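As structure tokens, the structure follows; a few thoughts come after it.
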Amino acid sequence: MPGKIRVLIIDDSASVRQVLSAVLSADPEIEVMGVANDPFMAARKIREEIPDVITLDVEMPQMDGITFLRKLMAQHPIPVVMCSSLTESGSETLMQALEAGAVDIILKPKIGAADHLAEAAEQICTAVKGAARARVRRLRPSRQTEGSTTAKLTADAVLPPPTRTGAMAKTTEMVVCVGASTGGTEALRELLEALPANSPGMVIVQHMPEKFTAAFAKRLNGLCQVEVKEAVDGDPVLRGHVLIAPGDKHMLLERKGARYVVSLRAGPLVSRHRPSVDVLFRSAARSAGVNAMGVIMTGMGDDGARGMNEMHETGAYTLAQDEATSVVFGMPKEAIAHGGVDKVVPLEQIAREILAADKRR
């Protein structure tokens with residue numbers, strides 16, 4: 001029986017340390033091995049006992065979280081989940097954290113709001129479990145399981161399943177639908193940097209909190225030939241453009257006349273996420289059918305597995321990132337197990353597959 005995931009919490013706020021400790025300790029698979037109010041205290045604790053995962057605040061006295069993260073990754077790589085408040089300026093800093101090697105981002109829980117905290121608790125624990133399984137340079141992946149006692153809603157909570165009779169006739173334009181989670185920020189950067197300016201229109205769900213998706217899109221737009229932006233309700237899906245679902249909103253693909261647009265919706269967590277890959281993929285199966293291409297990338301859990309199978313059944317071409325290049329081989333593995341994947345490829349091959357599929361049309 002594998003041991004619990006041991007977590008070190010680093011945050012200068014006593015109340016945040018208390019809430020995070022309570023949330024994580026309530027999960028039977030997680031143990032809080034210690035807390036620290038600054039990186040110097042954390043360094044002393046790490047010398048005594050090495051945690052499986054660290055949750056790290058961004059803004060702290062004496063040494064900021066990014067500086068500590070860079071020192072940690074250079075000396076003793078440990079999976080790190082960055083913890084931040086919901087701010088636009090903070091989101092820019094967190095992009096630097098992901099570049100420096102952080103595995104995931106979580107929002108600081110709202111104290112005194114029980115309903116929000118319950119939802120946040122599931123996301124916080126999921127992020128920590130995903131980090132424990134991540135390949136972080138030399139660090140060995142954790143043996144923890146992905147089980148959870150919380151019931152998961154399917155895409156049925158947002159829209160009904162596709163019908164075979166509603167399959168779309170083949171058109172000249174292809175829409176690429178991509179889903180990613182843990183490790184996805186850097187994987188998506190590599191994918192999009194490899195695409196030329198006239199690539200097929202693309203819609204992406206990357207599990208990321210509200211506000212941070214805008215900074216993520218802005219960063220990618222400055223690096224890539226394609227135009228990248230955070231999606232706005234009603235945005236058209238255009239060749240050479242990439243739309244990233246905003247955090248805390250489900251994104252659906254819809255067809256209006258001769259073009260595709262995205263629709264943003266509130267609603268419950270689906271597969272424990274909002275936005276959910278399953279919701280995007282199901283909407284693509286319903287609205288685009290054979291005109292869609294599905295790509296599922298690195299991430300923990302099974303979000304997207306059912307939706308990709310639905311896309312596959314309506315004639316879409318589907319890809320999964322392989323285990324060797326995935327930070328966490330959870331979502332691709334589950335999609336493969338559901339039978340909805342046409343081809344499994346390494347990260348560096350995904351762009352070539354997209355362009356080849358576009359050329360075949």
Side-chain angles (χ1 to χ4, degrees), residues 155 162 167-168 170 173-196 198-207 220 224 226 228 237 239 242-245 251 253 260 271 275-361:
M168 186 80 55
K170 191 171 184 178
E173 289 296 326
M174 180 177 74
V175 179
V176 182
C177 302
V178 182
S181 187
T182 312
T185 52
E186 288 304 290
L188 286 168
R189 176 193 58 76
E190 185 172 332
L191 166 60
L192 296 184
E193 282 186 328
L195 292 174
N198 66 339
S199 298
M202 183 179 293
V203 288
I204 296 174
V205 165
Q206 161 70 45
H207 295 156
L220 291 176
C224 306
V226 289
V228 186
V237 182
R239 181 168 285 273
V242 176
L243 299 175
I244 296 180
M251 183 169 71
L253 183 70
Y260 293 104
S271 298
S276 163
V277 182
D278 268 328
V279 171
L280 174 63
F281 283 0
R282 170 170 288 187
S283 70
R286 287 171 55 87
S287 299
V290 71
N291 300 305
M293 178 177 180
V295 180
I296 196 158
M297 300 175 69
T298 176
M300 180 179 172
D302 62 359
D303 188 25
R306 296 167 187 81
M308 176 158 274
N309 192 51
E310 291 170 357
M311 288 183 70
H312 182 265
E313 289 181 347
T314 57
Y317 180 49
T318 55
L319 297 178
Q321 184 178 349
D322 71 358
E323 183 172 9
T325 61
S326 294
V327 172
V328 178
F329 191 58
M331 286 164 51
K333 181 180 179 180
E334 289 298 322
I336 294 165
H338 276 72
V341 175
D342 288 312
K343 194 171 185 179
V344 180
V345 298
L347 174 59
E348 61 270 18
Q349 191 178 325
I350 296 175
R352 295 196 298 271
E353 290 288 336
I354 290 171
L355 298 176
D358 185 45
K359 192 175 182 180
R360 290 194 295 268
R361 296 186 63 81

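Sequential numbering from 1 along the given sequence is applied to the chain's residues. Just so you know, these numbers come straight off a predicted model, no measurement behind them.
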Beyond-backbone contact of Leu355 with Leu195, side-chain heavy atoms, under 4.5 angstrom = yes
inquiry  = Show, in sequence, the C-alpha distance, side-chain angles and deciding distance for His312 and Val341, and conclude whether the side chain to side chain contact (heavy atoms under 4.5 Å, CB included) test is met.
reply    = CA-CA 7 Å; His312 182 265; Val341 175; over 6 Å; no
query = Thr314 side chain to Met311 main-chain N or O, any donor-acceptor pair under 3.5 Å?
reply = yes
message = Is any side-chain heavy atom of Ile204 closer than 4.5 Å to one of Val228?
response = no
Rounded distance (nearest 0.5 Å) linking atom CE of Met297 with atom CG of Leu191 = 5.0 Å
task = Check whether any side-chain heavy atom of Met293 sits under 4.5 Å from a side-chain heavy atom of Leu319, and report yes or no.
result = yes
key: Pairwise side-chain contact, Arg239 with Ser199, heavy-atom cut-off 4.5 Å (strictly under)   = no
Salt bridge (Lys or Arg N to Asp or Glu O under 4.0 Å): pairs with one or both residues in residues 347-356, sequence neighbours excluded = Lys343-Glu353
Heavy-atom closest contact (Thr318 atom, Gly340 atom, distance) = OG1-O, 2.6 Å
request  = Ignoring hydrogens and angles, tell me if any N or O in the side chain of Ser287 forms a donor-acceptor pair with the backbone of Leu253 under 3.5 Å.
outcome  = yes
task = Show your reasoning for whether side chain to side chain contact (heavy atoms under 4.5 Å, CB included) applies to Tyr260 and Val203.
result = CA-CA 11 Å; Tyr260 293 104; Val203 288; over 6 Å; no
key: Met308 CE to Glu334 CD distance, which is reported to the nearest 0.5 Å   = 13.0 Å
message = Check whether Gln321 reaches the backbone of Pro346 with its side chain - one donor and one acceptor, N or O, closer than 3.5 Å.
response = no
ask   = What distance separates Glu313 CD from Glu310 CD, expressed to the nearest 0.5 Å?
value = 7.5 Å
message = How close do Leu192 and Cys224 get, counting heavy atoms only, and between which atoms?
response = CB-SG, 3.6 Å
query = Just by modelled atom types, is the Gly184 backbone N or O under 3.5 Å from a matching donor or acceptor in the Thr298 side chain?
reply = no
Side-chain donor/acceptor of Asp278 to backbone N/O of Asp303, under 3.5 Å = no
ask   = What are the two closest non-hydrogen atoms of Gly299 and Ser181, and how far apart are they?
value = CA-CB, 3.7 Å
task = Please step through side chain to side chain contact (heavy atoms under 4.5 Å, CB included) for the pair Met174 and Tyr317, ending with a clear verdict.
result = CA-CA 10 Å; Met174 180 177 74; Tyr317 180 49; over 6 Å; no
query = What is the minimum heavy-atom distance between Ala180 and Val277, and which atoms define it?
reply = N-CG2, 4.2 Å
query = Which heavy-atom pair separates Asn309 from His338 by the least distance, and what is that distance?
reply = OD1-O, 3.3 Å
request  = Using modelled atom types only, decide if a donor and an acceptor are shared between the side chain of Ser276 and the backbone of Ser271 within a distance under 3.5 Å.
outcome  = no
Distance (rounded to the nearest 0.5 Å) between Glu173 CD and Arg361 CZ = 8.0 Å
query = What's the verdict on side chain to side chain contact (heavy atoms under 4.5 Å, CB included) for Val178 and Gln206, showing C-alpha distance, side-chain angles and the deciding distance?
reply = CA-CA 8 Å; Val178 182; Gln206 161 70 45; over 6 Å; no
request  = Could you tell me which non-hydrogen atom of Ile296 sits nearest to which non-hydrogen atom of Pro332, and how far apart they are?
outcome  = CG2-CA, 4.0 Å
